[in-house]
Amino acid sequence: MKKKIIISLIITASIITACRQHAPTVKPGDGTDPLSMAILFQYYSSEYKALACQAYNSGKDYLALIASGNKASELAVVVDIDETVLDNSPYQARAIVDGFSYPEFWNEWCRLAEAKPVPGSLDFLDFADSLGFRIFYISNRKKDFVLDATLQNLRNEGFPQVSEETVLLREEESEANPNPPDKEARRNMVRSKGLEIILLAGDNLGDFFSDTGKQATRDSLVFSNKSLFGKTYLVLPNPMYGNWPASIGLTGPADSIMARLKEMSF
């Protein structure tokens with residue numbers, strides 16, 4: 001415990017020093033701005049916890065139904081990590097308090113391996129494991145920087161089937177990997193093992209299929225797959241970040257938000 005406290009203090013000191021040396025990309029909030037409210041909602045609200053449990057309860061019901069008529073060892077459950085099984089709202093809170101933004105200090109946060117489980121996620125994956133399903137964790141955390149820490153964090157919290165084979169993080173761009181953030185190639189790696197992906201859980205559309213980033217297309221993908229949500233696709237709430245802000249043009253912190261509010265106002 002003493003060692004962990006010392007490490008945390010070192011990270012805190014480095015964050016404060018770095019913020020003094022470089023102009024922050026985000027001004028510290030006063031707790032009333034939209035992002036602060038989103039972070040507080042995820043960390044504190046009972047409604048967020050209820051939504052997460054609701055998603056995972058649906059998933060457990062679906063897996064029980066599938067397992068009754070199939071050989072579970074030939075089926076895969078694929079989950080995202082951040083805001084799907086691990087809650088990173090403490091990192092988001094620190095970014096507001098100290099006035100920095102992702103990706104600053106993200107690797108340092110990951111290396112602390114202190115993110116806690118999203119409500120319902122551990123019970124859900126333990127249930128999947130008990131039925132014999134194969135479990136894979138596909139995340140856009142960068143493999144070269146935080147693989148060991150991610151494995152440690154998942155193992156510390158008791159998540160099942162955690163190994164270098166099952167935790168598939170983002171790799172650097174190459175000829176064989178031209179679009180690193182797109183998770184489809186890694187989903188295909190799971191399929192190449194002779195497994196059928198029977199369920200995916202995530203907080204962003206890219207956790208289920210390739211995401212174009214355009215709002216109209218994203219909406220079309222949702223409605224064309226609407227029968228799969230709550231069954232094959234489990235969506236976890238994430239009000240803090242994701243692909244959706246850019247999809248509606250929220251490129252500036254104030255003007256673009258106000259423009260969208262005016263657009264939708266009666």
Side-chain angles (χ1 to χ4, degrees), residues 1-12 39-60 63 76-95 102 105-143 145-170 183 186 190 199-204 207 234-242:
M1 176 63 73
K2 185 176 181 180
K3 183 178 180 181
K4 182 178 286 188
I5 292 172
I6 293 172
I7 293 173
S8 296
L9 288 173
I10 292 171
I11 296 297
T12 299
I39 294 166
L40 292 170
F41 173 82
Q42 177 153 323
Y43 188 80
Y44 286 109
S45 78
S46 299
E47 288 80 3
Y48 168 80
K49 297 175 180 68
L51 285 168
C53 290
Q54 176 176 266
Y56 281 123
N57 284 341
S58 294
K60 289 169 73 173
L63 290 186
V77 171
V78 173
V79 295
D80 172 49
I81 294 179
D82 298 310
E83 315 335 316
T84 298
V85 299
L86 291 180
D87 172 20
N88 298 287
S89 54
Y91 166 80
Q92 301 293 339
R94 190 55 178 269
Y102 177 87
F105 307 111
W106 170 248
N107 291 340
E108 288 85 347
W109 160 251
C110 291
R111 288 172 186 145
L112 289 176
E114 292 181 349
K116 297 302 178 185
V118 167
S121 62
L122 185 54
D123 285 345
F124 168 73
L125 290 174
D126 279 342
F127 182 71
D129 181 55
S130 72
L131 294 177
F133 290 97
R134 298 283 299 278
I135 298 170
F136 292 85
Y137 303 81
I138 298 182
S139 168
N140 274 335
R141 290 185 174 201
K142 293 185 177 180
K143 180 178 180 179
F145 299 99
V146 296
L147 175 60
D148 289 344
T150 300
L151 293 171
Q152 179 186 347
N153 199 162
L154 292 169
R155 287 170 177 157
N156 287 351
E157 298 304 328
F159 283 98
Q161 299 186 37
V162 174
S163 70
E164 290 191 25
E165 179 187 359
T166 62
V167 177
L168 306 177
L169 303 190
R170 173 178 171 176
K183 297 180 177 180
R186 280 168 280 163
V190 174
L199 183 149
L200 299 107
D203 63 297
N204 196 57
D207 297 325
L234 302 184
V235 183
L236 280 296
N238 177 5
M240 302 186 299
Y241 65 88

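FYI, the numbering just counts along the sequence from 1. All values below were derived from every heavy atom in this structure, side-chain atoms included, with hydrogens, water molecules and symmetry-related copies excluded.
With a 4.5 Å cut-off on side-chain heavy atoms, F159 and L86 count as touching. With contacts defined as side-chain heavy-atom distances shorter than 4.5 Å, the pair N88/W106 qualifies. N140 places none of its side-chain heavy atoms less than 4.5 Å from the side chain of L169. Annotation: side chain of L63 is in contact with side chain of L199 (closest heavy-atom distance under 4.5 Å). Side-chain contact between W109 and P90 is present, with heavy atoms from C-beta onward closer than 4.5 Å. With a 4.5 Å cut-off on side-chain heavy atoms, F41 and M240 do not count as touching.
When only modelled atom types and interatomic distance are considered, N153 and R111 share no side-chain donor-acceptor pair under 3.5 Å. Remark: the E83 side chain and the Q42 side chain contain an N/O donor-acceptor pair separated by less than 3.5 Å. For the residue pair Q161 and D129, a side-chain donor N or O sits within less than 3.5 Å of a side-chain acceptor on the partner.
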**Request:** Starting from the C-alpha separation in whole Å, work towards a yes-or-no answer on side chain to side chain contact (heavy atoms under 4.5 Å, CB included) for V167 and L154.
**Result:** CA-CA 10 Å; V167 177; L154 292 169; 4.0 Å; yes
**Item:** Check against side chain to side chain contact (heavy atoms under 4.5 Å, CB included), Q92 and Y241
**Value:** CA-CA 9 Å; Q92 301 293 339; Y241 65 88; 3.6 Å; yes
**Item:** Step-by-step side chain to side chain contact (heavy atoms under 4.5 Å, CB included) determination, V85 to L236
**Value:** CA-CA 9 Å; V85 299; L236 280 296; over 6 Å; no
**Request:** Before giving the answer on side chain to side chain contact (heavy atoms under 4.5 Å, CB included), spell out for L125 and Y137 the whole-Å C-alpha distance, their side-chain angles and the decisive distance to 0.1 Å.
**Result:** CA-CA 11 Å; L125 290 174; Y137 303 81; 3.8 Å; yes
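Between K183 and D80 there is a salt bridge, since at least one side-chain N of the basic residue sits less than 4.0 Å from a carboxylate O of the acidic one.
Judged purely by atom type and a 3.5 angstrom limit, T166 uses its side chain to pair as donor or acceptor with the backbone of S163. No donor-acceptor pair closer than 3.5 Å links the side chain of S121 to the backbone N or O of P117. Side-chain atoms of D123 do not come within 3.5 Å of backbone N or O of G120 as any donor-acceptor pair. With R186 contributing its side chain and S139 its backbone, the two residues share a donor-acceptor pair below 3.5 Å.
With values rounded to the nearest 0.5 angstrom, E47 atom CD is found 12.0 Å from Q54 atom CD. If you take CG on N107 and CZ on F105, they are separated by 11.0 Å, rounding to the nearest 0.5 Å. L168 contributes atom CG, which lies 9.0 Å from atom CD1 of I81 (distance to the nearest 0.5 angstrom).
The minimum heavy-atom distance linking V190 with A76 is given by the pair CG1-CB, 3.8 Å. Across I135 and A128, no two heavy atoms sit closer than the pair CD1-CB, 4.2 Å. When every heavy atom of P160 is checked against every heavy atom of L122, the shortest pair comes out as CD-CD1, 4.4 Å. Closest of all the heavy-atom pairs between A149 and C110 is CB-O, 3.4 Å.
In this structure, the side chain to side chain contact (heavy atoms under 4.5 Å, CB included) partners of P119, at least two apart in sequence or on a different chain, are Y48, K49, A52, C53. With sequence neighbours excluded, no residue forms a salt bridge (charged side-chain N to carboxylate O under 4.0 Å, His left out) with D203. Applying the salt bridge (charged side-chain N to carboxylate O under 4.0 Å, His left out) rule to R141 yields the partners D82; only residues at least two apart in sequence or on another chain are considered. Legend: residues meeting ring-ring contact (aromatic ring centres under 6.0 Å, His included) with F124, ordered by chain and number and at least two apart, are Y56. Listed by chain and residue number, L147, L151 satisfy the side chain to side chain contact (heavy atoms under 4.5 Å, CB included) test with E164 (two or more places apart in sequence, or in another chain). Remark: Y44 engages L40 in a side chain to side chain contact (heavy atoms under 4.5 Å, CB included) (not counting sequence neighbours).
Atom OH of Y43 has 12 or fewer neighbouring heavy atoms from other residues, nucleotides or ligands inside a 6.0 Å radius.
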